[in-house]
Amino acid sequence: MTTNAHLEAFRQSYRAPRYVQLPQPPRNESPVPWLTSLYHNADAGIYGNRNYRGNCSGNLIRDLILYFQPESVLDVMSGSGTAGDVCRSLGIPCYSGDLRTGLDACNAEELETATEGEVFDFAWIHPPYWRMIAYSNDPRDLSAQPTLTDFVEKLKEAMQAIWHRLSPGGKLAVLIGDYNDRELGFLPLTYLTKQAAFSLGYEQRVTDIIRFSHGSTSSRRRYNTAFIPGLHDTCVVFEKPEAVAESQSN
Ligand SMILES: C[S@@+](CC[C@H](N)C(=O)[O-])C[C@H]1O[C@@H](n2cnc3c(N)ncnc32)[C@H](O)[C@@H]1O
């Protein structure tokens with residue numbers, strides 16, 4: 001086949017469901033051996049409300065909980081309550097809060113009061129991807145921040161507030177995605193999230209988890225510009241180190 005014929009064949013077929021061969025994961029002692037750096041579960045699961053904008057599948061949260069086996073879970077940007085539903089199904093206590101239910105995740109004192117000073121060994125956050133979806137006009141809302149710098153600062157405040165609610169060795173899993181902003185172009189939110197987390201003293205000890213974005217609204221749209229579509233979010237699991245230096249996250 002010539003190169004042109006080859007390209008034409010691709011052009012005709014690229015929107016058809018595609019079955020790709022994933023690399024074989026090494027056998028190991030993980031209780032969830034299907035949880036790898038490529039998370040490709042097209043089934044959204046039975047958790048949360050799929051009609052809530054920005055709702056994420058609970059299956060990844062479930063698999064992370066099965067892997068890390070926390071005793072309690074904190075979700076301070078709960079949206080439709082996906083993480084809470086997962087925890088209920090697994091019989092694990094979970095504190096869920098969201099700005100829409102009155103909790104400002106960026107306010108450490110408020111979070112301490114709301115959780116009655118409890119500490120958790122696993123926190124999950126799925127923040128707004130800045131202004132991709134506007135959740136409210138509330139100036140405390142991450143999606144209402146006027147600039148990218150303000151958004152990153154707010155996200156950092158939330159990760160710092162969570163730090164104080166995590167036990168040493170506790171995990172913070174953040175689901176975040178890069179995207180093309182209508183005015184600013186490509187926004188590397190995953191990189192900026194990591195930069196903010198590391199500056200607070202969090203460490204990363206496990207691989208990034210690339211979550212295939214099945215069923216996103218953009219996949220049903222047609223755009224009049226050329227770009228390389230991003231078909232994934234990234235879940236980064238940070239750890240609050242066991243031994244914390246005095247200067248960290250003050
Ligand atoms: C991407 S959605 C989370 C969706 C959720 N994972 C689900 O499956 O339904 C982000 C959430 O962050 C919340 N949010 C934005 N700023 C916040 C803040 N300062 N404190 C707490 N929640 C905030 C929004 O109200 C929104 O519900």
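First listed ligand is number 1; within each ligand, the first listed atom is number 1. Every value quoted in this text rests on a predicted model; they were computed, and no experiment measured them.
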Notebook entry, point to check: Between D121 and K171, is a salt bridge (Lys or Arg N to Asp or Glu O under 4.0 Å) present by the stated rule, with each step listed?
Noted result: CA-CA 6 Å; D121 49 4; K171 311 290 183 290; over 6 Å; no
Notebook entry, point to check: When you measure from the side chain of Y135 to the backbone N and O of R53, does any donor-acceptor pair fall under 3.5 Å?
Noted result: yes
Item checked: Proximity to ligand 1 by part of R140, non-hydrogen separation under 4.0 Å -> backbone
Notebook entry, point to check: For ligand 1, which atoms, with element, lie under 4.0 Å from some heavy atom of D141?
Noted result: 15 (C), 16 (N)
Checklist line | Protein contact of atom 24 (C) of ligand 1 - nearest heavy atom, named by residue and atom, plus distance | finding: D98 OD1, 3.5 Å
Notebook entry, point to check: Where the closest heavy atom to atom 1 (C) of ligand 1 is concerned, which of Y135, Y129, Y47 has it?
Noted result: Y135
Next item on the list: Indicate whether any N or O donor in one side chain lies under 3.5 Å from an N or O acceptor in the other, for D178 and Y191.
Entry: no
Margin query: Side chain, backbone, both or neither: which applies to I133 and ligand 1 if a contact is any heavy-atom pair less than 4.0 Å apart?
Written below: neither
Checklist line | Per-atom contacts of ligand 1 with S78, taking only distances under 4.0 Å to non-hydrogen atoms | finding: 5 (C), 7 (C), 9 (O)
Margin query: Pairs of nitrogen or oxygen atoms closer than 3.5 Å, one from M77 and one from ligand 1: do any exist?
Written below: no
Checklist line | Heavy atom of the protein closest to atom 16 (N) of ligand 1 (residue, atom name, distance) | finding: L142 N, 3.1 Å
Check: Below 4.0 Å from any atom of ligand 1, is there a heavy atom belonging to G48?
Finding: no
Item checked: Heteroatom proximity flag, S80 to ligand 1, N/O under 3.5 Å -> yes
Notebook entry, point to check: Around atom OH of Y67, are there more than 12 heavy atoms of other residues, nucleotides or ligands at under 6.0 Å?
Noted result: no
Next item on the list: Pick one of side chain, backbone, both or neither for how N49 approaches ligand 1, counting any non-hydrogen atom pair under 4.0 Å.
Entry: neither
Check: Which of parallel (below 30°), tilted (30 to 60°) and perpendicular (above 60°) describes W130 and F151?
Finding: tilted
Item checked: Nitrogen or oxygen of G54 less than 3.5 angstrom from that of ligand 1 -> no
Note to self: Can you tell me which portion of S136 lies within the under-4.0 Å heavy-atom range of ligand 1? Options are side chain, backbone, both, or neither.
What the structure shows: neither
Note to self: Using a 3.5 Å cut-off on N or O atoms only, is A105 in polar contact with ligand 1?
What the structure shows: yes
Checklist line | Side-chain (S13) to main-chain (A9) donor-acceptor, under 3.5 angstrom | finding: yes
Next item on the list: Run the numbers on K194 and D208 for salt bridge (Lys or Arg N to Asp or Glu O under 4.0 Å), then give the verdict.
Entry: CA-CA 11 Å; K194 285 192 182 194; D208 287 353; 2.9 Å; yes
Checklist line | Shortest protein contact, atom 10 (C) of ligand 1 (heavy atom only) | finding: H126 O, 3.2 Å
Notebook entry, point to check: In terms of atom number and element, which parts of ligand 1 are under 4.0 angstrom from non-hydrogen atoms of Y52?
Noted result: 9 (O), 25 (O), 26 (C), 27 (O)
Margin query: Counting only heavy atoms not in E203 (residues, nucleotides, ligands), do more than 12 fall under 6.0 Å from its CD?
Written below: yes
Next item on the list: Just need the protein heavy atom nearest to atom 22 (N) of ligand 1, so name the residue and atom and give the distance.
Entry: L99 N, 3.1 Å
Note to self: I'd like to check which ligand 1 atoms, numbered from 1 as shown, lie under 4.0 Å from a non-hydrogen atom of V76.
What the structure shows: 21 (C), 22 (N)
Notebook entry, point to check: Looking only at protein heavy atoms, which one is nearest to atom 7 (C) of ligand 1, and how far off is it?
Noted result: T82 OG1, 3.3 Å
Notebook entry, point to check: Taking E8 for the side chain and T3 for the main chain, is one N or O donor matched with an acceptor at less than 3.5 Å?
Noted result: no
Notebook entry, point to check: What orientation do W163 and Y202 show, parallel under 30°, tilted 30 to 60°, or perpendicular over 60°?
Noted result: perpendicular
Next item on the list: Begin with the C-alpha distance, continue with both residues' side-chain angles, and end with the deciding distance and a verdict on ring-ring contact (aromatic ring centres under 6.0 Å, His included) for F227 and Y223.
Entry: CA-CA 9 Å; F227 58 93; Y223 297 82; 5.3 Å; yes
